[in-house]
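Let me begin by presenting the structure, written as structure tokens, before commenting on it.
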Amino acid sequence: MVDPLTAARRLLGAQLEAGEAAGEVSATIVEVEAYGGPHDGPWPDPASHSFRGPNGRNVVMFGPAGRLYTYRSHGIHVCANVVCGPVGTAAAVLLRAAAIEEGVGLARARRGAAVRGRALARGPGNLCSALAITMDDYGTDLFDPSSRVRLRLGAAPAVADGPRVGVSQAADRAWRFWLADRPEVSAYRRSPRAPAHGTSD
DNA sequence: GGTAAGATCAGC
DNA sequence: CTGATCTTACCT
């Protein structure tokens with residue numbers, strides 16, 4: 001797993017598990033977005049948190065691949081990324097949506113009784129909520145069996161792609177990927193702060 | 001030490 | 001479409 005585009009495709013169909021014991025909740029990743037790094041790196045990406053170099057929030061993105069990069073969005077939600085790329089080079093894949101396989105009851109208890117099954121982990125904030133991923137999980141090694149959040153890679157079926165959601169920079173880049181024919185995939189919404197279509201990136 | 005912006009979500 | 005709610009970065 002090296003560049004973010006390859007990593008993004010590879011993560012589709014992978015199993016994400018979260019829980020102290022043998023996986024309280026497990027889910028299949030169905031939608032992701034690739035994010036690059038600084039302007040002078042191999043994948044310059046003005047929409048990435050790492051674009052302006054390492055800082056207190058994004059340091060883990062510059063570390064080894066396979067770690068979890070969590071950040072708080074709009075002061076309310078937590079979003080999760082899988083770090084990729086070699087050490088010293090920032091890149092990550094944002095987990096945007098998943099299909100809950102095991103622990104549906106627990107996920108619904110966390111999200112709310114009225115939430116439809118397909119929407120339990122739809123959207124990056126909702127995904128973390130359903131799996132109880134918090135800022136405490138920042139930097140977690142996703143391939144360590146003793147971690148609270150774990151990842152099991154699989155083979156990816158048919159993949160579709162399109163522009164990323166909600167980014168104001170490089171808004172026309174087709175760096176979002178999802179599994180075709182999946183009801184859990186979230187709807188595309190362009191950022192209101194993004195320039196007119198075709199002008200960005 | 002102040003401030004503005006934000007890889008979101010739910011509710012009207 | 002709007003508001004909630006807060007962390008961080010980037011000024012001055």
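Computed from a prediction, not measured in an experiment: that's the story for all the values here.
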Would you tabulate the nitrogen or oxygen pairs shorter than 3.5 Å linking the protein to nucleotides 8-12 of chain C?
unit_1	atom_1	unit_2	atom_2	d
dA9(C)	OP1	N55(A)	OD1	2.4
dA9(C)	OP1	N55(A)	ND2	3.2
dA9(C)	OP1	G56(A)	N	3.2
dA9(C)	OP1	R57(A)	N	3.0

Where do N or O atoms of nucleotides 2-5 of chain C meet protein N or O atoms at under 3.5 Å, pair by pair?
unit_1	atom_1	unit_2	atom_2	d
dT5(C)	O2	H74(A)	O	2.5

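Ionic pairing of E33(A) and R96(A) is present here: one or more N-O contacts between side-chain nitrogen and carboxylate oxygen are shorter than 4.0 angstrom.
In terms of position on DNA chain B, the residue among V167(A) and R111(A) whose nearest nucleotide sits closer to the 5' end is V167(A).
Across V2(A) and P86(A), no two heavy atoms sit closer than the pair CG1-CD, 4.2 Å. Residues W178(A) and G162(A) approach most closely at CZ3-N, 3.4 Å, considering heavy atoms.
Tested against V149(A), the residues L16(A), D144(A), D141(A) include a single side-chain contact (heavy atoms from CB on, under 4.5 Å) partner, L16(A).
Residue N81(A) is in base contact, counting any heavy-atom pair closer than 4.0 Å across all strands shown.
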What's the verdict on side chain to side chain contact (heavy atoms under 4.5 Å, CB included) for Q169(A) and F51(A), showing C-alpha distance, side-chain angles and the deciding distance? CA-CA 11 Å; Q169(A) 298 291 314; F51(A) 185 61; over 6 Å; no

Checking V185(A) against L179(A) for the side chain to side chain contact (heavy atoms under 4.5 Å, CB included) test, could you report, in this order, the C-alpha distance in whole Å, the side-chain angles of both residues, the deciding distance, and whether it holds? CA-CA 8 Å; V185(A) 173; L179(A) 291 180; 5.7 Å; no

Kindly determine whether D3(A) and R9(A) satisfy salt bridge (charged side-chain N to carboxylate O under 4.0 Å, His left out), including the steps that lead there. CA-CA 10 Å; D3(A) 76 275; R9(A) 291 174 175 279; over 6 Å; no

Just distance, no hydrogens or angles: give the donor-acceptor pairs under 3.5 Å from side chains in residues 123-134 of chain A, sequence neighbours left out.
unit_1	atom_1	unit_2	atom_2	d
N126(A)	OD1	R111(A)	NH1	3.3
N126(A)	ND2	R122(A)	O	2.8
T134(A)	OG1	D136(A)	N	3.1

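By the 4.5 Å heavy-atom criterion applied to side chains, F143(A) and L153(A) are counted as neighbours.
A heavy-atom distance below 4.0 Å to DNA chain B is reached by these residues of residues 30-41 of chain A, ordered by number: Y35(A).
Here the range on DNA chain B touched by chain A, meaning any atom under 4.0 Å from one of its heavy atoms, is dG6(B) to dA10(B).
Under the 4.5 Å side-chain contact rule for hydrophobic residues, Y35(A) and Y188(A) do not share a cluster. Hydrophobic clustering (ILVMFWY, side-chain heavy atoms < 4.5 Å, transitive): M61(A) and M135(A) are in one cluster.
Looking only at distances, a side-chain donor or acceptor of T140(A) sits under 3.5 Å from a matching main-chain atom of D137(A). Looking at R190(A), its side chain never comes within 3.5 Å of a backbone N or O of V167(A) through a donor-acceptor pair.
Here the OG-CG distance, from S147(A) to L68(A), works out to 9.5 Å after rounding to the nearest 0.5 Å.
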Any chance you could encode DNA chain B as dot-bracket? Rule is Watson-Crick or G-U wobble with both distances under 3.5 Å; [ ] for pairs crossing earlier ones, | for another strand. ||||||.||||.

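For D40(A), the CG atom sits in a packed shell: over 12 heavy atoms of surrounding residues, nucleotides or ligands are nearer than 6.0 Å.
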